[in-house]
Structures are given as C-alpha cells and as structure tokens.
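Scroll down for the structure; my scribbles are underneath it.
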Amino acid sequence: MSVAKTGPGSPGITLGSDFRSTYATLLILMAAGAYAIGARVLGGLNVTGLTSITPWGVWVVFYIFFVGLSAGAFLLSTLIYVFGMHRFEKIGKEALLVSLISMVVALCFILLDLGRMDRFIYALWFGNATSVLAWEVRFYMLYILLLAVELFYAMRPDLVRLRGEASLRGRLAAALTRNRDNLSPAALERDHRVMRVLGALGIPLAILGVHGGTGTLFAVVKAQPYWNSALFPVLFVVSALVSGTALLMVLHIFRCRRQGRKLDLDLLRGMGALLLGFLALDLMLEFYEYLIGAYRLEAAEWATLTSIFAGRYAWSFWLIQIGLGAIIPVIILARGSRNSAGNLFLAALLVLAGIMAVRFHIVLPPLALPQLPGLPWGHYGPTWVEWVSSLGLMAMGMLLYVAGTNFLPVDGTAEDERSGNNG
Amino acid sequence: MKDNDQVHWAMVIDLQKCVGCDTCTVSCKAENRTPPGVTYNVVTEVEMGAFPHITRVNQPRPCMQCDNPPCAQVCPVKATYKMENGIVAVDADRCIGCRYCMVSCPYGARYFDFGQDYGQEMAGYNHLTTPEYGVNRGIRKKGKTPAGTVRKCHFCLHRLQRGEEPACVEICPGDARYFGNLTDPASVVARLAASIRAMVLKEELGTHPRVIYLK
C-alpha cells in the first residue's frame with residue numbers, strides 16, 4: 001500500500017497543533033468531576049439536592065440535553081450521507097464523532113442518576129413492553145453501535161492512507177483497519193452503500209427511537225400535564241436539530257482556530273442558514289406548546305407555566321432561553337452571508353445556552369408542584385456534587401472530542417474531493 | 001369458582017370521621033420503620049372557603065393501589081407491578097432507582113429511600129427492618145437494599161399475610177378507615193364503595209384507585 005503523506009490525497013490535520021492548554025483545563029475539570037463522582041458513589045443520592053417531591057434534577061436535564069445534541073448532530077450527518085447534500089461533506093465525519101461522544105456523555109449522566117448504579121445492567125436484562133424508558137435504553141444501545149460502525153466506514157479510506165504514518169495516529173489507524181485495507185473503487189462503492197443504508201436506518205432510529213423517544217418518555221406522563229402533550233416528542237426532535245447544528249458549528253470553529261486552519265465560511269454560513277431554519281421551527285412549536293397548555297387553564301399546568309413566565313424561572317426563561325438563546329441568534333443568523341466566523345460562533349454558542357435552558361425548563365418546573373393540594377412543594381437546588389460532576393462529564397466529552405479529532409481522520413480529504421469532482 | 005376465591009384488597013376512608021390527628025401516619029412509620037423522608041401515609045390538610053365561612057378537610061393519603069397503575073406502566077424493569085390481590089408492589093431487589101415511577105404517580109405516593117436513618121435520635125433504629133412484602137432484610141445498613149430504591153405503601157402486606165389489618169386501619173382512633181375485599185359484595189368496603197358519598201382522587205386520569213373516600 002503506498003501512502004501519500006502530503007498533497008491533496010492526505011488528511012489535512014497537522015498533529016501537534018497547540019491543544020496543550022485545552023487538555024490541561026479539561027483534565028483539571030475532569031479531576032474535580034471525578035472527586036464529585038466519588039462523593040456521589042460513596043454517599044448515594046443523599047449528596048444531591050433531590051427529594052421525593054423533585055426526584056429528577058440537573059443530571060436528567062443534562063442527559064436529555066446531550067441526547068438531543070447527539071440526535072441533532074447525527075441527523076445533520078444524514079443530510080450528507082443519505083440525502084447527498086455534499087455542501088456539508090467536510091463536517092460529516094465530525095458530526096458522527098460528536099454524535100457518538102454526546103451519546104456516551106448522555107449515558108454517563110443517566111448512570112450517575114440511578115439510585116442503584118450497581119444495577120444499571122438490569123435496565124437491559126429486564127424489560128417492560130409498556131415502559132418508554134425500557135425501549136429507550138435499547139434504542140440507545142443500537143444507536144451507539146450504528147454510530148460507531150458508520151463513523152468507521154466514513155473514515156476507512158483515510159485510515160487506510162494513514163496506516164504507514166510512524167505515529168500513534170498511524171498505529172491506531174493500522175489497528176483499526178486490519179484486514180480492511182482494500183481501497184479499490186468497488187470496495188469504496190461498498191463503503192458508500194453501507195453508509196447510505198446505516199444512515200437511512202439511523203434516521204428513524206434517531207428520530208423515533210432516540211430523541212423523539214426521549215420526548216415520549218416525558219410526554220406519556222399524565223401525572224405531569226405540562227409534559228403530557230403529543231407535541232412534546234416533536235419538539236424534542238426539532239430542538240435536537242437546533243442544538244446539534246449549533247454544537248457542531250461551535251466545535252468546528254473552535255478547533256479550526258486552534259489548529260490555525262482556514263475556516264470554510266461557505267460551509268459555516270450554510271450551517272448558519274440551517275440553524276436559523278431549525279430555530280424558527282423550534283420557536284414556532286414552542287409557542288404553540290405554551291399557548292395551548294396555558295389555554296387549558298388546567299391548574300398544575302398553569303402553575304408550571306406561571307413559574308416559568310413570571311416566577312422562579314422567569315429570569316432564565318426570558319434572559320437565556322428567549323433573549324440570548326433565541327432573539328439575538330436569530331438577529332445574527334438573519335444577516336446571512338454578511339456574517340463572519342466569529343459572529344456565527346457567537347450565535348451558535350448562544351443557541352446552545354438557550355437549548356440548555358430549554359432542557360432545564362422542561363424537567364424542573366413541573367416537579368416543584370405538589371401532586372395533591374396539601375402536599376409539600378419542592379424546593380430543589382442542585383448541590384456542588386451535581387454541578388461539579390456535570391462539569392467533569394462535559395469536560396470528558398470535550399476531551400474525547402479534542403483527542404478524537406486529533407487522532408482520527410475526521411476532516412476533509414481526498415474522499416470529499418472525489419465526490420466533489422463527481423458531483 | 002376461582003373468581004370467588006379472589007381477594008382484591010381495598011380501603012375506604014371516611015373523610016367526615018377523619019379528625020386529622022395523624023395517628024395513621026405515625027403508626028405507619030412505626031410499623032414500616034420508614035427512614036427520614038419516606039412516609040407511606042400522610043394526612044393533607046386543605047382549608048376551603050373564605051373567612052368566616054371556612055372549613056378544613058383532612059385527607060389521609062396512602063398509596064391508591066390503582067388498578068391501572070401509571071407507576072407500573074413506566075417502570076423499565078418491572079420492579080413495580082400489580083399483584084393479583086390488587087396491591088401495587090415494589091421489588092426492592094430489582095428497582096434500579098431511576099425514579100420514573102415517582103414523576104408518574106399522580107398522587108405523590110412514592111418516596112425515594114436516600115439511605116438516611118434515625119440512628120442519631122433513636123437508638124437501635126437500624127437494628128431491625130420491617131419484613132415488607134414478607135422479605136426479611138435484617139439490619140439497615142448504608143447502601144443496602146432498600147436504600148437507593150423507591151418505596152411506597154403496600155397496604156401492610158406483611159400484616160395481611162398473618163391475618164391482620166394494615167397498621168393505619170387498626171390504629172385509627174376515629175374508625176375512619178375500613179379495609180377488606182372489594183370482590184366480596186357483602187364486605188363492608190364493597191358496600192361503602194357503593195355509597196353515594198364514595199369518590200376517588202383524580203378519577204379523570206383513569207387510574208382506578210383502590211382507595212375510596214367517603215365525602
């Protein structure tokens with residue numbers, strides 16, 4: 001196998017780009033997170049601010065946030081591999097990688113949240129056909145498997161080209177492509193077919209199974225009228241598209257800047273346009289969800305909406321979810337092709353913060369209400385263990401991303417140019 | 001013939017007889033030795049009307065033992081399930097502590113065992129646990145089941161098994177609680193459940209509670 005080390009045929013990453021400060025920061029955060037997780041393992045859920053009135057807290061919030069990021073990033077990748085939108089080709093593999101990592105982080109969050117972490121495998125061993133959660137757990141597993149296989153096939157030609165490189169990256173590539181180093185046109189064609197099929201299977205899996213399913217998990221709960229709406233699963237999928245697109249933009253711009261690479265503004269503006277479209281749809285659905293919920297005048301839902309619009313959560317709703325997370329990004333993104341990479345970065349980052357607020361406002365407000373008049377109200381406030389462990393897990397995800405993009409050929413390569421030439 | 005043998009436990013609570021003394025709550029805590037934060041039974045007090053035309057309703061709230069239990073519906077591992085005798089049980093050895101059942105219960109009747117105890121204020125609290133569901137777990141220790149799982153009222157199943165009434169029913173000073181077999185039309189609970197005063201909580205949710213209140 002001849003290996004091209006330079007020129008248009010080789011993956012464009014330069015190893016040794018300066019991520020040292022990033023790694024150091026992430027490792028410090030992870031060490032703090034590990035300490036908090038240790039406290040949680042030893043102390044059980046007693047170290048959290050959770051109670052029997054508010055049994056779900058920030059870990060569940062971040063779990064649905066990261067499931068959404070994963071589903072959104074994956075669906076973006078299907079635009080390329082299934083629907084042939086080669087305009088976004090450059091970011092396809094990165095999208096799959098981000099999707100995979102986000103899903104792993106999401107599962108870490110929900111593992112941390114289990115009262116009996118030691119029994120996590122029961123969730124797969126035992127089942128319940130009427131439990132959305134039981135279905136979800138299985139969908140998550142299938143989905144992770146599918147993401148890993150699809151990512152492998154997307155990277156295979158580049159991995160094969162990297163085999164000869166005398167570096168950790170080269171050895172990793174050689175280990176991954178043992179017995180799979182055929183780069184003949186027929187083999188490449190087969191790879192593309194596999195990816196199309198996996199991507200096509202992944203679409204219903206990601207929409208119905210993974211994130212629509214996570215929305216369904218909430219939507220079926222009739223004890224919480226605020227969640228109990230058929231629009232909820234749809235809203236989850238659309239907000240997943242919003243947050244997944246935004247996350248990819250943020251990570252891509254951050255990494256390219258750090259690696260001193262030239263940013264593809266056309267690509268980023270295209271993603272910005274997508275983000276604007278998704279965000280507009282998301283805001284519309286949210287508006288209907290709130291309007292119809294409020295119009296029912298059902299006591300519990302009314303109390304929940306009041307706490308969001310004018311109560312405990314008013315500051316985060318109006319300031320973060322609506323102001324910073326929606327209005328400002330819409331204004332920036334609407335400028336279209338006049339946007340610089342910095343503007344797009346800012347808009348995407350704000351959107352991410354906004355969707356994180358959305359997740360908080362989904363989980364926490366209804367769980368403060370007593371189920372019957374006369375029962376106590378919940379006054380949940382996360383403890384340092386919950387915050388620090390969450391930061392640690394997010395740092396772990398970021399570290400996986402930085403390392404993954406350093407050691408795996410996720411960037412634009414000869415493959416892209418081939419489809420570019422053909423297309 | 002089998003149908004005639006069937007026992008379907010049910011409880012009737014007469015709200016006009018309840019004086020809100022909380023004896024049921026205390027007796028439940030003593031009987032089930034529930035840890036801090038876990039109270040299978042509570043009595044809610046709701047004031048109604050405006051001064052001076054004011055009245056207060058005391059409403060005991062055990063688990064409703066629904067015939068369509070939303071908690072059992074959502075449990076991912078079938079740790080919570082409906083028994084043939086009508087009781088909604090929790091298998092503490094299977095529960096993974098995800099607390100999905102807790103957010104799904106329309107009556108707030110489920111409690112998470114955070115592993116706390118009364119060891120500080122009550123010597124010997126940890127030396128003995130109640131054999132809930134007939135399972136003897138010996139001493140209560142940190143991290144040992146049922147700590148980390150979800151708990152709830154089980155109509156004192158361990159007492160039913162030896163022919164006794166649930167602790168709250170036995171102790172009620174005002175005799176506001178009745179307990180029996182709802183499938184037996186001659187039973188007190190079946191006759192009271194047919195009363196015009198009978199009602200259940202959040203009937204519109206279709207959970208079919210087996211705790212019936214007399215208004």
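Quick note on labels: first sequence line is chain A, next is B, and so on, each numbered from 1.
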Okay, A/W135 and chain B: the region with an atom under 4.5 Å from a heavy atom over there is neither

Contact check, side chains of B/V42 and A/L375, non-hydrogen atoms, under 4.5 Å: yes

Sort B/C98 into side chain, backbone, both or neither according to what part of it lies under 4.5 angstrom from a heavy atom of chain A. both

Taking the side chain as every heavy atom from C-beta outward, state whether A/V221 and B/Y100 have any pair of such atoms under 4.5 Å apart. yes

Go through the atoms of B/A72 and report whether side chain, backbone, both or neither lie under 4.5 Å from a heavy atom of chain A. backbone

Is there side-chain contact between A/S52 and B/M102, with at least one heavy-atom pair below 4.5 Å? yes

So, the part of B/V103 with a heavy atom under 4.5 Å from chain A: the answer is both

If you tally heavy-atom pairs under 4.5 Å between each of B/G37, B/C75, B/P70 and chain A, the highest tally belongs to B/C75

Is any side-chain heavy atom of A/D113 closer than 4.5 Å to one of B/R99? yes

If we define contacts as heavy-atom pairs under 4.5 Å, which of B/T149, B/V77, B/L201, B/I96 has the most with chain A? B/I96

Between the SG atom in B/C95 and the CZ atom in A/R116, the distance rounded to the nearest 0.5 Å is 9.0 Å

Quick check for you: to the nearest 0.5 Å, what is the distance between B/S104 atom OG and A/W227 atom CH2? 7.5 Å

Comparing A/V220, A/L217, A/V137 against chain B, the one with the most heavy-atom pairs below 4.5 Å turns out to be A/L217

For B/A147, is it the side chain, the backbone, both, or neither that has a heavy atom closer than 4.5 Å to a heavy atom of chain A? backbone

If you draw the axis of the six-membered ring of A/Y122, does the NZ or CZ of B/R94 fall within 45° of it and under 6.0 Å from the ring centre? no

In terms of heavy-atom pairs under 4.5 Å with chain B, which of A/G43, A/P55, A/G374 leads? A/P55

Interchain contact, A/L45 with chain B, by part (heavy-atom threshold 4.5 Å): both

Which one, A/L42, A/L50, A/T48, A/L124, leads in non-hydrogen pairs under 4.5 Å with chain B? A/L50

Any side-chain heavy atom of A/K222 sitting closer than 4.5 Å to one from B/T207? yes

Heavy atoms of other groups near B/K144 NZ, more than 12 under 6.0 Å: yes

Surrounding NZ of B/K141 (heavy atoms of other residues, nucleotides or ligands, distance under 6.0 Å), is the total greater than 12? no

Which bit of A/V60 comes within less than 4.5 Å of chain B, counting heavy atoms only: side chain, backbone, both or neither? neither

Tell me whether B/I54 at atom CD1 has more than 12 heavy atoms from other residues, nucleotides or ligands lying less than 6.0 Å away. yes

Region of A/T51 that comes under 4.5 Å of a non-hydrogen atom in chain B: backbone

Contact check, side chains of A/L372 and B/K202, non-hydrogen atoms, under 4.5 Å: yes

Best-contacting candidate, A/G127, A/G44, A/A300, A/P376, against chain B by heavy atom pairs under 4.5 angstrom: A/G127

Counting only heavy atoms from other residues, nucleotides and ligands, does the tally under 6.0 Å from CZ of A/F309 exceed 12? yes

Can you tell me if B/E204 has over 12 outside heavy atoms packed within less than 6.0 Å of its CD? yes

Heavy-atom pair count under 4.5 Å with chain A, highest-scoring of B/V43, B/V74, B/V38, B/V57: B/V74

Under 3.5 Å, is there a donor on one side chain and an acceptor on the other for B/T145 and A/R119? yes

